[in-house]
Every structure is written in structure tokens, then in C-alpha cells.
Amino acid sequence: MTKKRIGVHVGTSGGSWTAVQRAVDAGANTMQIFSSSARQWKASPVKPEDALKMREARAANDINPVSIHASYLINLCSQTESVRANSIVGFRGEVERALDLGAEYLVLHPGSWKGLTREEGLRLAAEGIEKAIDGLKWQGKDFTILIENTAGAEFSLGGSLEQVAELVERLKKCAPVAVCLDTCHCHVAGYDLVMTEGYDATMKLVGETVGFGTVRVWHCNDAKAPMGSKLDRHEHIGEGTIGAAAFKRLLHDERFAEAAFIAETPVDEPGDEMRNVMALRALSAG
């Protein structure tokens, strides 16, 4: 990328293509959206005219890349067969909509393996993704599924960098797959991003597990909760337990020069999207 890609998750009220203007208004040059309700199984297909408007608006405003976050309902490693079946159908729909909209990335939380073993959870998640994408055509399209690390809850698949790396490795044979790392999730899972020595140790582990080039997106979220707490509570950039200095270090880390940095920070009042994008831009420039 020729310029640092800094953006924010924005809404799609009025049509998915309307998110582009919201991103522009926030000062972003990349963005993330939901392609449907994040808390409902039912979703409508993408209208061709909306997909065209999205492509035209992105081209006119240099919004690139676009990331779609998959529904929070999806749990591909659930111990319940009906939940896994719904999740496979739901994830297939997410991929279809991402392809139709021309999104470069689709971010997925694989789910919880509570009631099973970690190995069973990994196997079911990999099999579920493989089933969900069977027969879909993305050849020639710039599209990648991103496995996101989670906040470290005991049964949450992806709670460690090693688990993320294992799932990515299992999926390489059947899907274009890479990684999204979340600063808040890293922090509350116990990975030190704050202290210089801790940051260096964490990044050494990133390199040894998922690999620096595999990290396509950083979700930039400060944290309300302490490091190691496993409580996923996002805070505005520089106002939480991670702090501005850690984000400055990350934004200047040349190992992630090609990554997009996307805030998923709270929207407590109008203008908060811009406030957090501008905070990241200032840290990037400073």
C-alpha cells in the first residue's frame, strides 16, 4: 500500500454502499461493515445495484481495503449439531455477500468449543468453513477470509495466537485465509502490547505463530479492562489500559506496513468514529 490505511467500523443504514460516505466523513481510507444484522440468522442477498454503487463510491473516495465482519451468531465449533449447521449456512451467506460487494476481507470469530476438546473444536471449525465455501468461486477476486484472535476465554477458539495459527494452517488447502489481530483481544488475553519489552516479546510470538505477513488487518481498540482479564470491553484510542503509546508503536511497526488498521471503538456520541480515526492518524504521523 502506498499510504497508511486507517479506518473504522461504520454502519450500513440505507444500504451497504452508504457506508463509504460514513467512512469518508470519519476521515478514513479503509472501513469495516456488517453485511447483514450481526445478531440475526436471516439475511437478504446483495442487490446488484447496491454492489455497483459500493464499487463506484469506493473508487471515487479511495476506500481500500473493505473488511466485512461475520455475524456474531456463527459458531462453527459448537457442540450442538443444529448450531453448527446454521453456522455453516450463515457463513456461506457471509462469503457470498462479501464476494458480491467486492470486499477484500471477511473477518470470522470461529466460535466456542465448550463441551468438546480443543482438538475437536479446531477440527469442526476447519470442516465447517470448508463445507461453507464448497463450490463458491473466488478465483480472480481479491478476497481472503481472516481468522480473528479472541479475548482468551477458556473455550473460545482463537484465544491464543497458537490456535489462530493452527486453524489457518488447516484451512490453507481449501480457502484463501489470513489473520486479523485485535489489540484489545491481545491485551486482555494476556499479551503485552504496552511495555517495550513486552511488545517485543509479543511480536516475536506473532512472527513465530501466524507470521507478520499473514496479519492483514489490525482491529485497533483500546481496552476498558486490565491485561489478562479476558474481558472484551473496547475503549476509545488512548483512553484505556493499553494507552496511546502502544498504538503509536504498532502503527510505526514496519512489519505491518501493508496491514489495515481499523477501529471498532465505542460510539458514545456523534463524531466518535472521526475522533478515533483522527487519534490513530495523529499517532501514525507522530
Side-chain angles (χ1 to χ4, degrees), residues 9 30-41 43 65-78 83-114 118 120-134 136 138 141-153 155-186 189 209-211 214-219 221 232 234 259-260 262 264:
H9 186 108
T30 181
M31 69 178 189
Q32 180 176 275
I33 62 171
F34 292 120
S35 66
S36 64
S37 171
R39 302 193 183 277
Q40 292 183 9
W41 287 115
V66 165
S67 176
I68 291 177
H69 199 298
S71 168
Y72 294 129
L73 294 177
I74 292 172
N75 184 357
L76 291 162
C77 52
S78 171
V83 173
R84 294 200 305 273
N86 283 336
S87 296
I88 289 169
V89 173
F91 188 63
R92 185 179 183 86
E94 294 281 5
V95 176
E96 289 173 336
R97 292 190 296 278
L99 291 170
D100 287 344
L101 287 169
E104 283 75 21
Y105 300 131
L106 174 61
V107 176
L108 173 68
H109 296 174
S112 170
W113 47 270
K114 186 174 183 180
R118 191 187 77 144
E120 286 172 323
L122 279 165
R123 176 180 58 80
L124 288 171
E127 289 176 355
I129 293 171
E130 190 168 1
K131 289 176 183 176
I133 64 177
D134 184 45
L136 295 180
W138 53 67
K141 295 188 177 183
D142 183 8
F143 172 73
T144 306
I145 296 167
L146 302 186
I147 305 301
E148 182 177 356
N149 70 311
T150 60
F155 302 108
S156 178
L157 188 60
S160 71
L161 293 171
E162 289 85 356
Q163 285 183 28
V164 174
E166 286 179 84
L167 184 53
V168 168
E169 187 61 33
R170 292 182 186 219
L171 290 169
K172 281 181 177 177
K173 67 181 186 298
C174 68
V177 61
V179 171
C180 168
L181 293 181
D182 185 303
T183 54
C184 177
H185 295 174
C186 287
T209 54
V210 300
T214 306
V215 181
R216 306 294 177 80
V217 170
W218 274 96
H219 282 164
N221 304 304
D232 184 16
H234 295 185
I262 299 176
E264 297 176 316

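Sequence positions, counted from 1, serve as the residue numbers for this chain.
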If I take atom [atom1] from residue [X] and atom [atom2] from residue [Y], how far apart are they, to the nearest 0.5 angstrom?
| X | Y | atom1 | atom2 | value |
| --- | --- | --- | --- | --- |
| Leu108 | Leu146 | CG | CG | 9.5 Å |
| His109 | Leu157 | NE2 | CG | 11.5 Å |
| Leu122 | Leu76 | CG | CG | 12.0 Å |
| Cys77 | Glu120 | SG | CD | 10.5 Å |
| Cys174 | Ile133 | SG | CD1 | 4.5 Å |
| Ile145 | Cys180 | CD1 | SG | 13.5 Å |

Inset, instruction - Under the salt bridge (charged side-chain N to carboxylate O under 4.0 Å, His left out) rule, collect the residues that match up with Glu264, sequence neighbours excluded. - result: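 With sequence neighbours excluded, Glu264 shows a salt bridge (charged side-chain N to carboxylate O under 4.0 Å, His left out) to no residue whatsoever.
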Inset, instruction - Quick one: list whatever passes salt bridge (charged side-chain N to carboxylate O under 4.0 Å, His left out) with Arg84, sequence neighbours left out. - result: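 Salt bridge (charged side-chain N to carboxylate O under 4.0 Å, His left out) list for Arg84, sorted by chain: empty.
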May I ask you to decide if [Y]'s main-chain N or O and [X]'s side chain share a donor-acceptor pair within less than 3.5 Å?
| X | Y | answer |
| --- | --- | --- |
| Thr30 | Pro65 | yes |
| Asn149 | Asp182 | yes |
| Thr183 | Asn221 | yes |
| Ser156 | Gly159 | no |
| Ser87 | Ile74 | no |
| Trp113 | Phe155 | yes |
| Gln32 | Ile68 | no |

So, do [X] and [Y] sit near enough that their side-chain heavy atoms are less than 4.5 Å apart?
| X | Y | answer |
| --- | --- | --- |
| Trp138 | Pro176 | yes |
| Leu161 | Val179 | no |
| His9 | Ser67 | no |
| Lys172 | Val177 | yes |
| Ile262 | Val107 | no |

Inset, instruction - Give the ring-plane orientation class for His219 versus His69, where under 30° counts as parallel, over 60° as perpendicular and anything between as tilted. - result: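 Because their plane-to-plane angle is under 30°, the rings of His219 and His69 count as parallel.
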Legend entry - Qualifying residue, where the test is side-chain contact (heavy atoms from CB on, under 4.5 Å) with Val210 and the options are Val168, Val164, Leu167: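 Among Val168, Val164, Leu167, the one meeting side-chain contact (heavy atoms from CB on, under 4.5 Å) with Val210 is Val164.
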Considering all heavy atoms of both residues, which atom of [X] and which atom of [Y] are nearest to each other, and what is their separation?
| X | Y | result |
| --- | --- | --- |
| Ser36 | Glu94 | OG-OE2, 4.3 Å |
| Phe143 | Ala103 | CD1-O, 3.5 Å |
| Gln163 | Gly158 | OE1-N, 2.9 Å |
| Asp232 | Ala151 | CB-CB, 3.8 Å |
| Ile147 | Pro110 | CG2-CG, 3.9 Å |

Legend entry - Ion pair Arg118/Glu162, N-O distance below 4.0 Å: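 Salt bridge: no.
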Legend entry - NZ/NE/NH1/NH2 to OD/OE distance under 4.0 Å, Arg92 and Glu96: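 Between Glu96 and Arg92 there is a salt bridge, with a charged N closer than 4.0 Å to a carboxylate O.
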Inset, instruction - Tell me, with the steps shown, if Glu130 and Lys173 meet side chain to side chain contact (heavy atoms under 4.5 Å, CB included). - result: CA-CA 9 Å; Glu130 190 168 1; Lys173 67 181 186 298; 4.1 Å; yes
Legend entry - Test log, rule side chain to side chain contact (heavy atoms under 4.5 Å, CB included), inputs Val89 and Trp41: CA-CA 9 Å; Val89 173; Trp41 287 115; over 6 Å; no
